[in-house]
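I have placed the structure first, in the form of structure tokens, so that the comments after it can refer back to it.
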Amino acid sequence: MPLIERTLLGPGPSNPYPEAVQGLSAPILGHLDPEFIKVLDRTGERLRALWGTANPLTLPLSGTGSLGMETAFANTVRRGDTAVVAVNGLFGERMCEVARRYGAEVVRVDHAWGEPVDVQRVLDAHPAPAIVAAVHAETSTGALSDIGALGAALRARSDDTLLIADCVTSLGGTEVAVDEWKVDAAYSGTQKCLGVPPGLAPFTFSERAWERRVEDPPVWYIDLGLLGAYVRGGPGGGRAYHHTAPVGMVAALDATLERIEQEGVQEVAARHRAAGRVLQEGLQEMGLELFAAEGHRLPQLTSVKVPEGVDSAKVRERLLTEYGIEIGAGVGPYASTVWRIGLMGHNARLDRAELVLGALRAVLRG
């Protein structure tokens, strides 16, 4: 099979950081090897710094971001619990479905796609829910919501509600502050702004959530009690075998987190903002209309309306075959009327912004 290289400027995966590739090529260790345990512990420390948390239970789950979503609800929802879910795109809808399957009474708070979450509407949806869930960076629309404002409002009202946040497209590209925002469970994916191939879900779980967790969740693989005994050690201090961790992926994540640490979290976020600004301004100069609400647009994932009379699929096909550039279609009701262009992780650079602008300009000219 011939090797095909693409410039991945869609909603994910993104092209990996070189450090991630080096991490993947490191010698494979056993998942209980003391040297690997050091890597795992170091990865947890670096994830805590990136998440902005002191949560002891912070780890890379063995699965993509969707496993992070599943884990958050499996370990917090008891049958009959009320879960208020803010829905402003596809991944808010998925939260509703996952919560429902674990037995929650789901109260949807629907927003127009492309709009940020309205904190007051979420508060008004139910006086005392067990769980509130929202997407920080909605991958389907490119909209950014203020999770900090939501967390502060919930905690001011009551100490009884747990807050779950989807940070799949924000972690590593937009600053996240889990402890400051009063978030109890948050998850991400490695294939977006973290610049690591798909396969891990960085996850963090507060001590408050741990005290209230479901101790015998219906899915064994994502039981945080069992996983905690592996990543933190059991009562006797040793690491309890749970599953064979993807050691190569963890090494890749650790190497990339070191790279982000050296560049600086704020500097990485500024790089994403700069690249996104060039892209969004360039698209508007071409006469294209951005989809997400102004003032709430993700710099790392730009949603743009397909011009009237333009075949979305043909444009994406030409970008792929003629320029080796992948951009994404919209999803759901906007599958053929929106493009999603990602400048994430290693691709959050001015040259990548100019590259896709030039290629898109040429394709639209015919």
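- Between Ser206 and Val183, the closest side-chain pair of non-hydrogen atoms is not below 4.5 Å.
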Glu326 and Arg316: CA distance, side-chain angles, deciding distance, salt bridge (charged side-chain N to carboxylate O under 4.0 Å, His left out) verdict | CA-CA 7 Å; Glu326 176 184 278; Arg316 289 186 294 108; over 6 Å; no
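- Shortest non-hydrogen contact noted between Ala245 and Ser62 is CA-OG, 4.3 Å.
- Across Arg121 and Asp118, no two heavy atoms sit closer than the pair N-OD1, 3.1 Å.
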Cys167 and Trp51: side chain to side chain contact (heavy atoms under 4.5 Å, CB included), yes or no, with the steps?
-> CA-CA 10 Å; Cys167 299; Trp51 278 118; 3.7 Å; yes
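- When the options Val338, Leu279, Val304 are evaluated for a side-chain contact (heavy atoms from CB on, under 4.5 Å) with Leu290, the one that passes is Val304.
- Side chains of Tyr323 and Leu355 form no contact here, defined as non-hydrogen atoms less than 4.5 Å apart.
- Side-chain contact annotation: Asn75 with Arg213, donor-acceptor N/O pair under 3.5 Å absent.
- A chain of hydrophobic side-chain contacts below 4.5 Å, direct or via other Ile, Leu, Val, Met, Phe, Trp or Tyr residues, connects Leu194 to Leu61.
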Please report the C-alpha distance between Lys314 and Arg318 in whole Å, then the side-chain angles of each, then the deciding distance to 0.1 Å, and finally whether the side chain to side chain contact (heavy atoms under 4.5 Å, CB included) criterion is met.
-> CA-CA 6 Å; Lys314 286 186 177 178; Arg318 285 192 59 194; 5.6 Å; no
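- A 4.5 Å side-chain heavy-atom check between Val219 and Asp223 finds every atom pair outside the cut-off.
- The CD atom of Glu97 sits 11.0 Å away from the CE atom of Met69 when rounded to the nearest 0.5 Å.
- Distance check: Leu47 CG to Leu40 CG gives 9.5 Å after rounding to the nearest 0.5 Å.
- Taking a 6.0 Å sphere around CG of Asp159, one finds it holds more than 12 heavy atoms contributed by other residues, nucleotides or ligands.
- At least one side-chain heavy atom of Met95 sits less than 4.5 Å from a side-chain heavy atom of Ile164.
- Here the straight-line distance linking atom CZ of Arg273 with atom CD of Gln266 works out to 8.5 Å at 0.5 Å rounding.
- Separation of the Tyr221 and His243 ring centroids falls under the 6.0 Å cut-off.
- Aromatic ring centres of Tyr230 and Tyr241: separated by at least 6.0 Å.
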Yes or no on salt bridge (charged side-chain N to carboxylate O under 4.0 Å, His left out) for Arg48 and Glu45, after CA distance, side-chain angles and deciding distance?
-> CA-CA 5 Å; Arg48 275 186 278 276; Glu45 285 295 330; 3.0 Å; yes
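- Interatomic distance, Phe73 CZ to Asp81 CG, rounded to the nearest 0.5 Å: 11.5 Å.
- At least one side-chain heavy atom of Asp179 sits under 4.5 Å from a side-chain heavy atom of Asn55.
- Partners of His111 by ring pair (Phe, Tyr, Trp, His ring centres under 6.0 Å), not counting sequence neighbours: none found.
- Cluster membership for Leu298 and Ile327, using ILVMFWY side-chain heavy atoms within less than 4.5 angstrom, is not shared.
- Here the side chain of Ser303 pairs a donor or acceptor atom with the backbone of Thr141 at under 3.5 angstrom.
- The minimum heavy-atom distance between Val84 and Pro129, with the atom names listed, is CG2-CB, 3.7 Å.
- Proximity of a side-chain donor or acceptor of Arg212 to a complementary backbone N or O of Asp160 within less than 3.5 Å is detected.
- Two residues are said to be in side-chain contact when any heavy atoms from C-beta on lie closer than 4.5 Å; Pro116 and Asp146 fail this criterion.
- Using a 4.5 Å cut-off between side-chain heavy atoms of Ile, Leu, Val, Met, Phe, Trp and Tyr, with links allowed through other members, Val250 and Ile260 fall into the same hydrophobic cluster.
- Side chains of Val214 and Val77 form no contact here, defined as non-hydrogen atoms less than 4.5 Å apart.
- The main-chain N or O of Thr7 is never found under 3.5 Å from a side-chain atom of Asn15 such that the two would form a donor-acceptor pair.
- Expressed to the nearest 0.5 Å, how far CZ of Arg94 lies from OG1 of Thr139 amounts to 9.5 Å.
- Put simply, the side chain of Asn88 does not reach to within 4.5 Å of the side chain of Glu115, judged on heavy atoms.
- Proximity of a side-chain donor or acceptor of Ser14 to a complementary backbone N or O of Lys192 within less than 3.5 Å is detected.
- Looking only at atom types and distance, the side chain of Thr174 has a donor-acceptor partner in the side chain of Gln300 under 3.5 Å away.
- For the side-chain hydrogen bond (donor to acceptor under 3.5 Å, both in side chains) test with Tyr102, the passing option among Arg79, Arg78, Glu70 is Glu70; the others fail.
- Under the 30°/60° scheme for interplanar angles, the aromatic rings of His136 and Trp181 are found to stand perpendicular.
- Ser140 and Trp113 share no donor-acceptor pair across their side chains, judged by distance under 3.5 Å alone.
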Before giving the answer on side chain to side chain contact (heavy atoms under 4.5 Å, CB included), spell out for Arg340 and Leu301 the whole-Å C-alpha distance, their side-chain angles and the decisive distance to 0.1 Å.
-> CA-CA 7 Å; Arg340 291 179 296 158; Leu301 184 63; 4.2 Å; yes
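- Under the 4.5 Å side-chain heavy-atom criterion for ILVMFWY residues, no single connected hydrophobic cluster contains both Leu163 and Leu144.
- Panel note: side chain Arg297, backbone Thr302; no donor-acceptor pair is recorded below 3.5 Å.
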Starting from the C-alpha separation in whole Å, work towards a yes-or-no answer on side-chain hydrogen bond (donor to acceptor under 3.5 Å, both in side chains) for Thr256 and Glu19.
-> CA-CA 6 Å; Thr256 301; Glu19 290 83 357; 5.9 Å; no
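- Side chain of Arg271 to backbone of Leu350: no donor-acceptor contact under 3.5 angstrom is found.
- Looking at Arg157, its side chain does come within 3.5 Å of a backbone N or O of Leu123 through a donor-acceptor pair.
- At least one donor-acceptor pair closer than 3.5 Å links the side chain of His272 to the backbone N or O of Val268.
- Around atom CZ of Arg101, no more than 12 heavy atoms belonging to other residues, nucleotides or ligands sit under 6.0 Å away.
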Take Thr53 and Thr58 through the test side chain to side chain contact (heavy atoms under 4.5 Å, CB included) and record every step on the way to the result.
-> CA-CA 9 Å; Thr53 186; Thr58 300; 4.1 Å; yes
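- The distance from atom CG of Leu32 to atom CD1 of Ile37, rounded to the nearest 0.5 Å, is 5.5 Å.
- The minimum heavy-atom distance between Thr43 and Pro60, with the atom names listed, is CG2-CG, 4.2 Å.
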Does the salt bridge (charged side-chain N to carboxylate O under 4.0 Å, His left out) test come out yes or no for Arg42 and Glu258, once each step is laid out?
-> CA-CA 10 Å; Arg42 189 170 62 229; Glu258 182 180 15; over 6 Å; no
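- When the side chains of ILVMFWY residues are joined at heavy-atom separations under 4.5 Å, either directly or via intervening members, Leu253 and Val21 end up in two distinct hydrophobic clusters.
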